[in-house]
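Keep in mind that what you see is a predicted model, and the values were worked out from it rather than measured. Positions are given from 1, in the same order as the sequence printed here.
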Amino acid sequence: MNFDLDDEQRDLAASARDFLASSASPAVARAALDADHPAAAALAPGRDALVASGFATITVPESAGGGGGSLLDLAVVAEQAGRVLAGPSLITFARAAVLLAGDDERLARLVDGSLRVAVVDGTGPVLDAASADTFLTLRGDDLVCGPGAVDVRAPIDPTRGLGQVVLGDVEVLAPDARLRWEHAERVGRVVLAAEDLGAAGRALEIGVAYARERQAFGRAIGSYQAVKHALVDVYVQVEQLRSLVWWAAWAADQADDKLPMAAAAAKAAAATTLTTAAETLIQVHGGIGFTWEHDAHLYWRRAKVDRFLLGDDVAAYDEVARLAIAQALAGDGPSAEAGASAEAAVAAR
């Protein structure tokens, strides 16, 4: 089975990279940290730009004005968004497309930017809340929608737009929607893993470039085993994560029964990989890597926040184990792809 990207998806990745590089960057994230209202400063222009580009609503059906594309298409864009630490997150748009399926009126407003939505999970901080005015959540088994009051506090990563949300009056959009909610969460995990893949890959590139140019004792520091082995370890984790992300996105599009395992494995590996990549980037740079002026801490901030989005990495690893055990007890055994994903997730851990 071939999970490689086709030519159209490679062209999509190149187009997304060009667009996102012109509208987002680590410098934007740093400026937001210095702003009076950091989350709003990072997200206000970003949401409008993403919507106008059409990238954010790739998975919205064409009947509602969206791109009608696959989750793999969106994951390709999400990787490029992660490279430049763009906000708001494509996770929010991907989940909204699933949760609002069949509601062409609201989907059309999502596409034209008039519906500024975020998704509320439990009582914790809400991703992209700082730039949203409408919120989706699950009450009991019912999918509900309504306005809310947002409290944005000093953020670790301002581009994630985290805020506490107190919902106002809500409208029931769909009763008995728990299965839809769970599917949307898995889709969100895949997009999160794709964004983290981009961030980890970029952190690795920065570290490798510095290791080639920085001299110590008359040699490039990348020639020393302690440095190059650390970077190679990150490279291995990034490539393992890449395979998991493409497989999970394919599962969401083509094999829904494989998605629970695939999404959990991708989420778990993404959290570990980005953390390792960011910490290695800091260590390779030595003293300058710990300073405010260098970009390294921005990737570290993203890693610390993303580890806890849509459940933490420990819960995701546990889910991979439970699903594998359940398959074994049922007498089926994990599929070859599921076994590979579990092995990659454990190796990353």
Please list every donor-acceptor pair under 3.5 Å in which a side-chain atom of residues 58-66 meets a protein atom from a residue at least two apart or in another chain.
none

Checklist entry - Hey, does L197 have a side-chain heavy atom less than 4.5 Å from the side chain of V238? => result yes
Tell me which donor-acceptor pairs under 3.5 Å the side chains of residues 167-178 have, and how far apart each pair is, sequence neighbours excluded?
{"residue": "E171", "atom": "OE1", "partner": "R106", "partner atom": "NH2", "Å": "2.9"}
{"residue": "R178", "atom": "NE", "partner": "D141", "partner atom": "OD1", "Å": "2.6"}
{"residue": "R178", "atom": "NH2", "partner": "G140", "partner atom": "O", "Å": "2.7"}
{"residue": "R178", "atom": "NH2", "partner": "D141", "partner atom": "OD1", "Å": "3.2"}

Item to check | Cluster companions of L274 among Ile, Leu, Val, Met, Phe, Trp, Tyr (side-chain spacing under 4.5 Å) | outcome: none
Checklist entry - Which residue pairs pass the ring pair (Phe, Tyr, Trp, His ring centres under 6.0 Å) test when at least one of the two sits in residues 253-285, sequence neighbours left out? => result Y210-H285, H285-H294
Next on the checklist: Check D157 with R302, please: is the shortest side-chain N to carboxylate O separation under 4.0 Å?
Outcome noted: yes
Checklist entry - Do E195 and S89 have side-chain atoms, one donor and one acceptor, less than 3.5 Å apart? => result yes
Next on the checklist: Under 4.5 Å side-chain heavy-atom separation, chaining through any Ile, Leu, Val, Met, Phe, Trp or Tyr, what else clusters with F308? Say none if it is isolated.
Outcome noted: none
Checklist entry - Which heavy atom in H297 sits nearest to a heavy atom in W292, and how many Å separate them? => result NE2-O, 3.0 Å
Checklist entry - Salt bridge check: are D7 and R10 linked by an N-O gap of less than 4.0 Å? => result yes
Checklist entry - For R307, does the CZ atom have more than 12 heavy-atom neighbours from other residues, nucleotides or ligands under 6.0 Å away? => result no
Checklist entry - With side chains defined as the heavy atoms from C-beta onward, is the minimum distance between D196 and T273 less than 4.5 Å? => result no
Next on the checklist: For D48, is there an ion pair with R116 - N to carboxylate O distance below 4.0 angstrom?
Outcome noted: yes
Next on the checklist: Testing the basics here: between A56 and L90, what is the closest heavy-atom pair and its distance to 0.1 Å?
Outcome noted: CA-CD2, 3.6 Å
Checklist entry - Are any non-hydrogen side-chain atoms of V51 and V111 less than 4.5 angstrom apart? => result no
Checklist outcome for this item: For L99 and R180, the nearest pair of non-hydrogen atoms, with its separation, is O-NH1, 2.8 Å
Checklist entry - Does K304 pair with E279 as a salt bridge, N-O distance under 4.0 Å? => result yes
Checklist entry - Restricting to pairs with a member in residues 135-187, which pass ring pair (Phe, Tyr, Trp, His ring centres under 6.0 Å), not counting sequence neighbours? => result none
Item to check | Residue list, side chain to side chain donor-acceptor pair (under 3.5 Å) with D104, at least two apart or on another chain | outcome: none
Output a table of donor-acceptor pairs, distance under 3.5 Å, between side-chain atoms of residues 143-151 and any protein atom two or more places apart or on a different chain; print 'none' if there are none.
{"residue": "D151", "atom": "OD2", "partner": "R153", "partner atom": "NE", "Å": "3.1"}
{"residue": "D151", "atom": "OD2", "partner": "R153", "partner atom": "NH2", "Å": "3.3"}

Next on the checklist: Going by side chain to side chain donor-acceptor pair (under 3.5 Å), name the residues that satisfy it together with R322, two or more places apart in sequence or in a different chain.
Outcome noted: none
Checklist entry - Looking at residues at least two apart in the chain, or sitting in another chain, which of them share a side-chain contact (heavy atoms from CB on, under 4.5 Å) with R202? => result R83, E205, I206, Y299
Checklist entry - Going by atom types only, do D73 and S70 share a side-chain donor-acceptor pair under 3.5 Å? => result yes
Next on the checklist: Using the side-chain contact (heavy atoms from CB on, under 4.5 Å) criterion, which residues pair with L231? Sequence neighbours excluded.
Outcome noted: L204, V208, A211, V227, T280, V284
Checklist entry - Which residue pairs pass the salt bridge (Lys or Arg N to Asp or Glu O under 4.0 Å) test with at least one member in residues 209-226, sequence neighbours excluded? => result none
Next on the checklist: I'd like to know if D295 and R30 make a salt bridge, using a cut-off of under 4.0 Å between side-chain N and carboxylate O.
Outcome noted: yes
